[in-house]
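The structure displayed is predicted, hence computed values, not measured ones.
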Amino acid sequence: MLTNLIEQYETPRILHAEDGSPQVRRRMDDAAHTLCVATGTRDIDAALTAARHPLPGTRPQDDCLLTA
């Protein structure tokens, strides 16, 4: 899931497509937002780092810190 989101964000950026249509910019914004939510971060740079280098023993919906 995170790999796909990274691709959705980075592919248009690599192709400089973010300067193109509003639809492309919106898709990139959506992917950035979803990456931030999924990784628990507040900016895209932190989200990309967290998505690429997950902590050992964690997974996207890890609820081990939730209390009953």
Side-chain angles (χ1 to χ4, degrees):
M1 176 183 157
L2 292 178
T3 303
N4 185 33
L5 288 170
I6 293 170
E7 284 181 25
Q8 288 178 34
Y9 178 79
E10 287 197 328
T11 299
R13 191 177 69 160
I14 290 167
L15 299 173
H16 304 287
E18 74 272 13
D19 297 329
S21 73
Q23 294 86 1
V24 171
R25 185 71 227 166
R26 180 69 186 158
R27 281 194 302 250
M28 288 180 69
D29 289 344
D30 288 346
H33 174 77
T34 305
L35 273 166
C36 287
V37 170
T39 58
T41 58
R42 293 184 181 251
D43 67 76
I44 188 59
D45 293 326
L48 289 169
T49 300
R52 288 187 185 116
H53 308 287
L55 295 173
T58 62
R59 57 187 191 279
Q61 295 177 356
D62 192 352
D63 60 357
C64 64
L65 297 178
L66 297 178
T67 60

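Residues Ile6 and Met1 share a single hydrophobic cluster, defined by chaining ILVMFWY side chains whose heavy atoms lie under 4.5 Å apart.
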Derivation and outcome, side-chain contact (heavy atoms from CB on, under 4.5 Å), residues Gln23 and Arg26
CA-CA 5 Å; Gln23 294 86 1; Arg26 180 69 186 158; 5.6 Å; no

Test side-chain contact (heavy atoms from CB on, under 4.5 Å) applied to Gln8 and Thr34, step by step
CA-CA 11 Å; Gln8 288 178 34; Thr34 305; over 6 Å; no

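Closest approach of Thr39 and Thr41 over heavy atoms only: OG1-OG1, 2.9 Å. Across Leu35 and Ala51, no two heavy atoms sit closer than the pair CD2-CB, 4.0 Å.
Note that the CD atom of Glu7 and the CD1 atom of Ile14 stand 9.5 Å from one another [nearest 0.5 Å]. One finds the OH atom of Tyr9 at 12.5 Å from the CG atom of Asp30 (value rounded to the nearest 0.5 Å). The NE2 atom of His33 sits 11.0 Å away from atom CG of Leu5, with the distance rounded to the nearest 0.5 Å.
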